[in-house]
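What follows is one structure encoded as structure tokens, with my remarks underneath.
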Amino acid sequence: MAERRVLCSASRYTRKYYLNEEFRGLPQLVKDELKIMCVLFTEEVGGVIILLFDEDGNLQIVTEADESDAAFDEIGCHLKVKQLQIEKREFFTQLEEYYDAFF
């Protein structure tokens, strides 16, 4: 059975972006788009965003927030995730195809 693999993440708390080294082979434009998307997400709604591939190779968007974070917009977070899933559907599908081919 395959394992879950983190693709990338961003945190409003640490103001850092992380791209898993296993995906260094992605084209630079794709890496740039992932970074922009994740950082803008956390700047808009707060918390942490994690993009990961599940056991079946499907790209998942996971969000987290500290319980004490009164500034975290939980409703806005869910809406933003749905928006990303719609607007970036083709991009996410291509990432899943890349994952399927190389992992």
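This is a predicted model, so every value here is computed, not measured.
Within a 6.0 Å sphere centred on CD of Q28, heavy atoms belonging to other residues, nucleotides or ligands number more than 12. Other residues, nucleotides and ligands contribute over 12 non-hydrogen atoms within 6.0 Å of the CD atom of Q60.
With hydrogens and angles ignored, the 3.5 Å screen pairs no side-chain donor or acceptor of D66 with any backbone N or O of S68.
You'll find the side chain of V39 reaches within 4.5 Å of the side chain of K35, heavy atoms only. The side-chain heavy atoms of Y99 and L95, taken from C-beta on, include no pair separated by under 4.5 Å. Within the 4.5 Å cutoff, no side-chain heavy atoms of L79 are placed close to those of D73. A heavy-atom distance below 4.5 Å is not found between the side chains of Q83 and I86.
Taking the six-membered ring for Trp and the full ring otherwise, the centers of Y13 and F72 sit at least 6.0 Å from each other.
With rounding to the nearest 0.5 angstrom, the CG atom of L19 is 9.0 Å from the OG atom of S9. One distance of note links SG of C38 with CZ of R12; it measures 14.5 Å at 0.5 Å rounding. Between the CD atom in Q94 and the CG atom in L26 there is a gap of 11.0 Å [rounded to 0.5 Å]. Interatomic distance, CD of E3 versus CZ of F53, reported as 13.0 Å (0.5 Å rounding). In this structure, CG on L51 lies 5.0 Å from CG on L59, to the nearest 0.5 angstrom. For the atom pair OG1 of T93 and CG of N58, the computed distance is 10.0 Å after rounding to the nearest 0.5 Å.
For the pair I61 and Q85, the tightest heavy-atom approach, listed with the atom from each and the gap, is CD1-CG, 4.1 Å. Between Y98 and G25, the shortest heavy-atom contact is OH-C, 3.6 Å. In this structure, M37 and L84 approach most closely via the heavy-atom pair CG-CD2, 3.7 Å. Between K31 and Y17, the closest heavy-atom pair is O-OH, 4.1 Å. Closest non-hydrogen pair, G47 versus D69, comes out as N-OD2, 4.2 Å. In terms of heavy atoms, T42 sits closest to A10 at CG2-O, 3.5 Å.
Among the candidates L7, V6, T63, the single residue satisfying the side-chain contact (heavy atoms from CB on, under 4.5 Å) test with I50 is V6.
Between E43 and R15 a salt bridge is recorded (basic side-chain N to carboxylate O distance below 4.0 Å).
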Just do the ring-ring contact (aromatic ring centres under 6.0 Å, His included) check on F103 and F23 with the steps written out, would you? CA-CA 10 Å; F103 296 91; F23 296 97; 4.9 Å; yes
Should L52 and N20 be marked as a side chain to side chain contact (heavy atoms under 4.5 Å, CB included) after you check the CA-CA gap, both sets of side-chain angles, and the distance that decides it? CA-CA 10 Å; L52 59 86; N20 186 337; over 6 Å; no
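Transitive grouping of hydrophobic side chains (ILVMFWY, heavy atoms separated by less than 4.5 Å) brings V62 and Y18 into a common cluster. Linking Ile, Leu, Val, Met, Phe, Trp and Tyr whenever their side-chain heavy atoms come within less than 4.5 Å puts F41 and L34 in one cluster.
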